[in-house]
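Structure record follows, encoded as structure tokens.
Throughout, numbering of the chain's residues begins at 1 and tracks the sequence. Everything numeric in this text was worked out from a predicted model, so none of it was measured. When reading the values below, keep in mind they use all heavy atoms of this one structure, side chains included, and skip hydrogens, waters and symmetry mates.
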Amino acid sequence: MMKQILLVFCSLISLPLLAQKYSGQWSGSFDAKGEEGIRTEYVLEIEAKGKSFTGTSVTYFTIMGKRYYTICEITGTIDPASKTLTSTEVKVIKRNTPPDFRDCLQTHILTYFKKGETEELSGIWKSAKADGGCGSGSTVLSRKQLVKNTVTTPPPPNPTVRNNTGNKPNTTPAPKPVIKPPVTNNKTTTTKPQATKPAPKKDTLVKTGPTIQKAETEIKAPSKPETKPNIPAPKLPNGLERRDNKVFETITIDEEEITVNLYDNAEIDGDIITVLFNGEVVAAQKSLTDKPITLKLKAIKGRDNTLTMYAENQGKVPPNTALMRVQCGDNYYKVFLSADDKKNASVVFRVK
């Protein structure tokens, strides 16, 4: 009986470790039988939970010199004993393929290997449908390590201003008091300031060029946004203009701390975005690539907390699209966002 309890306990512990082992981005390529040496770029984004997983696949290919992509939703299973993952594309969720292009959903059966610092999934693929009309071939993917949660927005300016009052300050020229001959006793000669210009100690800071208090105001004022309850605002501090907002997802969360990762979810074509949270800019004019824009945010209880993606441009392939991965405690969420020069893409967070 005790052995059975221990086995159950160990299996419960191993499930999160199993998910962590396979979750993430895997990139590489596949080929087709009869066309070995001609490889097609392929990316798997896996979110594993226990012995199953969901996620997306992205296939990139070129026809007549033009680059295309297809994004599919995937589901799959994990066999811990053989370290084998079976990933099946279930539907196309986005593409920029020609009108007459035929979609070909695939199943990839991949085995996990680790060679030194390199992690690899390799195996075969075949048609996901029973008719087998898509052919078959081999697949090789490697782990794409995600950047850890480091805020990409620049740190706030250091409000500390060097105080040079320890040296002789550069004050405006003023008539100097007449220096009297030294007095023979030990009393120190003092010259009273003019009655019209009292000089308490704090005034010495005020009179030595830009004050510390003034310097802090000059540094902080430009970065402090106007106080507005909701977005979009008519005119935000950095020049963002009013656009319609489309809410793609409303997520209820248990904790206030949120980590958000934003990627280009298709072809990396020069998309540039600005991200706002509750009306404040948290990432300005960042390029969407396969490396995440990572933000640590804190939601406010008792209200809707809105994250908004503002498209600075639309890249080479309109509109501006992004894959957003959200971590809140032990929970993970995934949202596809799309914005253009007429509307923003938003996600609303509600704290329980």
- Candidate pair Y112 and E120, rule side-chain hydrogen bond (donor to acceptor under 3.5 Å, both in side chains), full reasoning: CA-CA 6 Å; Y112 174 85; E120 185 177 284; over 6 Å; no

- Message: Is there a path of hydrophobic side-chain contacts, each under 4.5 Å between heavy atoms of I/L/V/M/F/W/Y residues, joining L262 to F248?
- Response: yes

- Could you tell me whether the side chain of N313 reaches within less than 4.5 Å of the side chain of N320, counting heavy atoms only? yes

- So do the side chains of R39 and V140 get within less than 4.5 Å of each other, counting heavy atoms only? yes

- Specify the closest pair of heavy atoms between S287 and I293, including all atoms of both residues, with the distance to one decimal. O-CD1, 3.7 Å

- Query: If you measure only the distance, is there a donor-acceptor pair under 3.5 Å linking the side chains of T308 and N344?
  - Reply: no

- Task: Please assess T107 against T88 for the test side-chain hydrogen bond (donor to acceptor under 3.5 Å, both in side chains), listing each intermediate value before the final yes or no.
- Result: CA-CA 4 Å; T107 294; T88 299; 3.2 Å; yes

- Item | Within residues 328-338 or reaching into it, pairs that qualify as salt bridge (Lys or Arg N to Asp or Glu O under 4.0 Å) - sequence neighbours excluded | none

- Query: Between F53 and K49, is there a cation-pi geometry (under 6.0 Å to ring centre, at most 45° from the normal)?
  - Reply: no

- Task: To the nearest 0.5 angstrom, please state how far the CG atom of D103 sits from the SG atom of C72.
- Result: 7.0 Å

- Task: State whether the side chain of S23 and the backbone N or O of A48 hold a donor-acceptor pair below 3.5 Å, judged by distance alone.
- Result: yes

- Reported CE-to-NZ distance for the pair M64 and K66, which is rounded to 0.5 angstrom: 12.0 Å

- Sub-4.5 Å side-chain heavy-atom contact between L307 and L297: yes

- Message: The test is side chain to side chain contact (heavy atoms under 4.5 Å, CB included); show your working for L105 and V90 and say whether it passes.
- Response: CA-CA 7 Å; L105 300 178; V90 292; 6.0 Å; no

- So do the side chains of V326 and Y332 get within less than 4.5 Å of each other, counting heavy atoms only? no

- Whether F101 and F61 hold their rings parallel, tilted or perpendicular, with breakpoints at 30° and 60°: parallel

- Presence of salt bridge, R350 and D304, under 4.0 angstrom: yes

- Query: Which heavy-atom pair separates I300 from N305 by the least distance, and what is that distance?
  - Reply: N-OD1, 2.7 Å

- So, do L121 and L85 sit near enough that their side-chain heavy atoms are less than 4.5 Å apart? yes

- Query: So I63 and Y68, side chain to side chain contact (heavy atoms under 4.5 Å, CB included) or not? Walk me through it.
  - Reply: CA-CA 8 Å; I63 300 176; Y68 296 96; 3.8 Å; yes

- I124/F30 under side chain to side chain contact (heavy atoms under 4.5 Å, CB included): CA gap, chis, key distance, verdict: CA-CA 8 Å; I124 62 169; F30 64 82; over 6 Å; no

- Identify the two heavy atoms, one from L141 and one from S29, that lie closest to each other, and give their separation to 0.1 Å. CD2-N, 3.8 Å

- Got a sec, which pairs hit salt bridge (Lys or Arg N to Asp or Glu O under 4.0 Å) with one end in residues 79-92, sequence neighbours left out? E73-K91

- Query: Do R95 and T70 have side-chain atoms, one donor and one acceptor, less than 3.5 Å apart?
  - Reply: no

- Query: Which heavy atom of D31 sits nearest a heavy atom of S138, and at what distance?
  - Reply: OD1-OG, 2.8 Å

- Verdict with supporting geometry, E41 and R67, salt bridge (charged side-chain N to carboxylate O under 4.0 Å, His left out): CA-CA 11 Å; E41 187 177 350; R67 186 172 168 85; 3.1 Å; yes

- Looking at OG of S57 and CD1 of I46, how far apart are the two atoms once the value is rounded to the nearest 0.5 Å? 10.5 Å

- Are the side chain of N278 and the backbone of T306 linked by a donor-acceptor contact shorter than 3.5 Å? yes

- Task: Search all heavy atoms of Y333 against all heavy atoms of T252 and return the closest pair with its distance.
- Result: OH-O, 3.6 Å

- Item | Check: T56 and F336 side chains under 4.5 Å, non-hydrogen atoms | yes

- dist K286:NZ -> I272:CD1 (nearest 0.5 Å) comes out at 11.0 Å

- Message: So Q25 and Y263, do their side chains get closer than 4.5 Å, heavy atoms only?
- Response: yes

- Please assess E45 against R325 for the test salt bridge (charged side-chain N to carboxylate O under 4.0 Å, His left out), listing each intermediate value before the final yes or no. CA-CA 11 Å; E45 171 93 17; R325 296 187 64 192; 2.9 Å; yes

- Cluster link V335 to L295, ILVMFWY, side chain under 4.5 Å: yes

- Message: Is it true that H108 and S87 share a donor-acceptor pair across their side chains at a distance under 3.5 Å?
- Response: no

- Task: Any chance you could measure Y22, atom OH, to E119, atom CD, to the nearest 0.5 Å?
- Result: 9.5 Å

- Message: As an exercise, state the distance from CD of Q327 to NZ of K296, rounded to the nearest 0.5 Å.
- Response: 9.5 Å

- Query: Going by distance alone, is a donor N or O of one side chain under 3.5 Å from an acceptor N or O of the other, for T274 and E312?
  - Reply: yes

- Item | Cation over ring face, R243 and Y310, 6.0 Å, 45° | yes

- Evaluate the side-chain proximity of T294 to T259: yes if any heavy-atom separation is below 4.5 Å, no if none is. yes

- Message: Main chain of K343, side chain of D244: is a donor-acceptor contact present, judged purely on distance under 3.5 Å?
- Response: no

- State, without any angle test, whether D264 and T289 hold a side-chain donor-acceptor pair at a distance under 3.5 Å. no

- For the student: nearest non-hydrogen atoms of C134 and W125, plus distance: O-CH2, 3.3 Å

- Task: Output, in order, the C-alpha distance, side-chain angles, deciding distance and verdict of side-chain hydrogen bond (donor to acceptor under 3.5 Å, both in side chains) for T321 and S338.
- Result: CA-CA 4 Å; T321 56; S338 176; over 6 Å; no

